[in-house]
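Numbers restart at 1 for each chain; the letters A, B, ... are given by sequence-line order, proteins then strands.
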There are 2 protein chains.
Amino acid sequence: MPTEHHPADADQAVPELGLDMIEGQPVTGSLGRILPEATLARLTQYLRALNAMQARGDEQTSSGVLAAEAGVNPAILRKDLSLLGSYGTRGVGYVVMELTEHISKAMGLLRQWRVAIIGAGNLGRALSGYGGFRSRGFEIVALLDSAPEVVGTVVGDLQVQDIADMDEILASAEVNIAVLSVPGGAAQDLCNKLVERGVRSILSFAPVVLQVPTGVNLRKVDLATELQILAYHAQNLDT
Amino acid sequence: MPTEHHPADADQAVPELGLDMIEGQPVTGSLGRILPEATLARLTQYLRALNAMQARGDEQTSSGVLAAEAGVNPAILRKDLSLLGSYGTRGVGYVVMELTEHISKAMGLLRQWRVAIIGAGNLGRALSGYGGFRSRGFEIVALLDSAPEVVGTVVGDLQVQDIADMDEILASAEVNIAVLSVPGGAAQDLCNKLVERGVRSILSFAPVVLQVPTGVNLRKVDLATELQILAYHAQNLDT
DNA sequence: GGCTGTGAATCTTTTCACAGCC
DNA sequence: GGCTGTGAAAAGATTCACAGCC
């Protein structure tokens, strides 16, 4: 790729879409296995459905039931699960708790992850209050912002800290994962800083395409993107 | 536990993760064309990159430059664009404004979309203040909640209305798209109501799998899902 | 009988590579 | 020379269908 005028980092093209991810391509799974991206996405759905079952008191389930609840085809559910190992019983199905455990393990959810939220605007505050995180092994250990009028305020059980002190905060709080909820203009810069400080997993909500070096794991959620795709379908459903 | 197939999701290579989508499968594009889901996701990235170019004053670009900026492979970019028509010039490239226009048209972004946000919690408020929407053709015309202490309060330039009045609000505000930012427990119920009231495009942030009838267009963004997928990659990058 | 696990078949998406045009 | 547009090849994901086991 002949390069050009703009600082476009021309290494491997990573399918960016709405949410992309990883860099170097194949990532080994929990036991040397490789889990395709699409499978990962579905595994989280299965976990969710399994949680609901557990809450209802169901102890067993089957690929048919679980698939219906997660909104997927039973065959692919079985294929997904078979990538983790053989945890079902023919003629019977799966044990809810056991399966939950195996999926959680494969996805790295048995350990606690320490998350810093960068940007305490509306979205950052909403995220820091989002209950779904803590219950799933994600602990929000820091909330940072640069605006003097925001620094020091308290959100939930966290006090907003100054981005200028990011270095020490990231280190002392032992942050594994950073969530970027800052305006587009500030995102690449902060992203670079995070990477420099050793953060290798970043979830960005900023409406820009971020460039990260190989080995850094970036996912992106773009709210405008979601609405745009919805608009496309709406246009073709309506009229 | 209906055993039937809920079409729900399709998720191909689109790191869909948490987003599934459309129902009936093939959706015709702007001119009878069919745009694959993965292409749609990338088109929004191209739009974003094109916007940045326009802001910088670039008038022309090429698949190489645009692809680098959007983080994709140039070949697939050309293939994506070729699905919309032939808008480039061999040996030269694409005209930024023109291409922006064509993509916007294909995606249904030339018209204004009227969005209602259901749920004025932290997330709903964050969404209603999200600047990226208005600038891209999405106008937030209503913000609803059910909590008496929230109804009537003002968020940005909107007053929170009562979900009990959803019927009239949806009709009088001519809502095309609804965003669901309510707790999981309330989501399916409200989703059903929306569908009954004729809303056929829904973006859900609720952490549950929603079932919608065929013909309704549901996308889902799940913040916990995103972190979970990140955790998987982090686990395999770290140690 | 019922349900898992999986090879084989099918379908989709991406990449290659080059002809065609400026 | 450079870059688009696109068939053809490759890679990947999903579905089918059935053997194997409880």
Side-chain angles (χ1 to χ4, degrees), chain A residues 1-4 12-17 20-22 25-27 33-43 45-46 60-68 70-96 98-99 102, chain B residues 1 3 5 7-17 20-22 25-27 33-43 45-46 60-68 70-96 98-99 102:
Chain A
M1 296 359 18
T3 331
E4 48 328 338
Q12 273 291 14
V14 181
E16 276 305 338
L17 358 154
D20 23 321
M21 53 200 51
I22 197 77
Q25 33 254 81
V27 187
R33 287 211 149 289
I34 294 180
L35 301 180
E37 203 52 38
T39 292
L40 284 174
R42 285 188 301 262
L43 286 176
Q45 304 294 298
Y46 307 156
Q60 301 234 123
T61 189
S62 67
S63 65
V65 173
L66 185 51
V72 304
N73 175 303
I76 198 142
L77 182 145
R78 291 199 300 277
K79 188 141 276 181
D80 285 340
L81 296 184
S82 78
L83 294 177
L84 311 183
S86 266
Y87 303 125
T89 309
R90 289 167 198 240
V92 180
Y94 303 90
V95 175
V96 172
E98 216 176 275
L99 189 55
H102 286 301
Chain B
M1 318 122 355
T3 330
H5 257 162
D9 135 280
D11 229 39
Q12 339 34 352
V14 182
E16 261 353 282
L17 46 135
D20 20 321
M21 57 189 25
I22 197 77
Q25 37 260 77
V27 187
R33 286 208 150 291
I34 294 179
L35 301 180
E37 204 53 37
T39 293
L40 283 174
R42 285 187 300 263
L43 286 176
Q45 304 294 297
Y46 306 156
Q60 301 234 126
T61 190
S62 68
S63 65
V65 173
L66 185 52
V72 304
N73 174 304
I76 200 143
L77 182 146
R78 292 199 299 278
K79 187 142 275 183
D80 285 340
L81 296 184
S82 78
L83 294 176
L84 310 183
S86 267
Y87 302 126
T89 309
R90 288 166 198 238
V92 181
Y94 303 90
V95 174
V96 172
E98 216 176 275
L99 189 55
H102 285 301

Below 3.5 Å between N/O atoms, which protein atoms pair up with nucleotides 20-22 of chain D? Just atom names and distances, please.
residue : atom : partner : partner atom : Å
D:dG20  : N3   : A:Arg90 : NH1          : 3.1
D:dC22  : O4'  : A:Arg90 : O            : 3.3

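The distance from atom CD1 of A:Ile76 to atom P of C:dG5 is 15 Å, rounded to the nearest whole Å. In this structure, the CG atom of A:Leu81 is 10 Å from the C1' atom of C:dT4, given to the nearest Å. Look at OH on B:Tyr87: it is 12 Å from P on D:dT6, rounded to the nearest Å. The distance from atom CZ of A:Arg78 to atom C1' of D:dC18 is 11 Å, rounded to the nearest whole Å. Atom P of nucleotide D:dA10 and atom CG of B:Asn73 are separated by 17 Å, given to the nearest angstrom. Rounded to an integer number of Å, the gap from CG of A:Leu77 to P of C:dT6 is 14 Å. If you take CD of B:Glu37 and C1' of D:dG12, they are 17 Å apart, rounded to a whole angstrom. The nearest whole Å value for the distance from the CG atom in B:Asp80 to the C1' atom in C:dT12 is 13 Å.
Legend: salt bridge (Lys or Arg N to Asp or Glu O under 4.0 Å) pairs involving residues 80-93 of chain A, not counting sequence neighbours, sorted by first then second residue: A:Arg42-A:Asp80.
Residue B:Ser63 places no side-chain N or O under 4.0 Å from the OP1 or OP2 atom of D:dC3. A close approach under 4.0 Å does occur between a side-chain nitrogen or oxygen of A:Arg42 and OP1 or OP2 of D:dT14.
When side chains are defined from C-beta on, A:Leu81 counts as touching A:Tyr94, because their heavy atoms get closer than 4.5 Å.
With the 3.5 Å cutoff on both pairing distances, Watson-Crick and G-U pairs in DNA chain D assemble into runs of at least 3 at C:1-22 with D:1-22.
Among the nucleotides D:dG5, C:dT15, D:dT15, the one closest to the side chain of A:Lys79 is D:dT15.
The structure places CG of B:Leu83 at 10.0 Å from CG of B:Leu40, a figure rounded to the nearest 0.5 Å.
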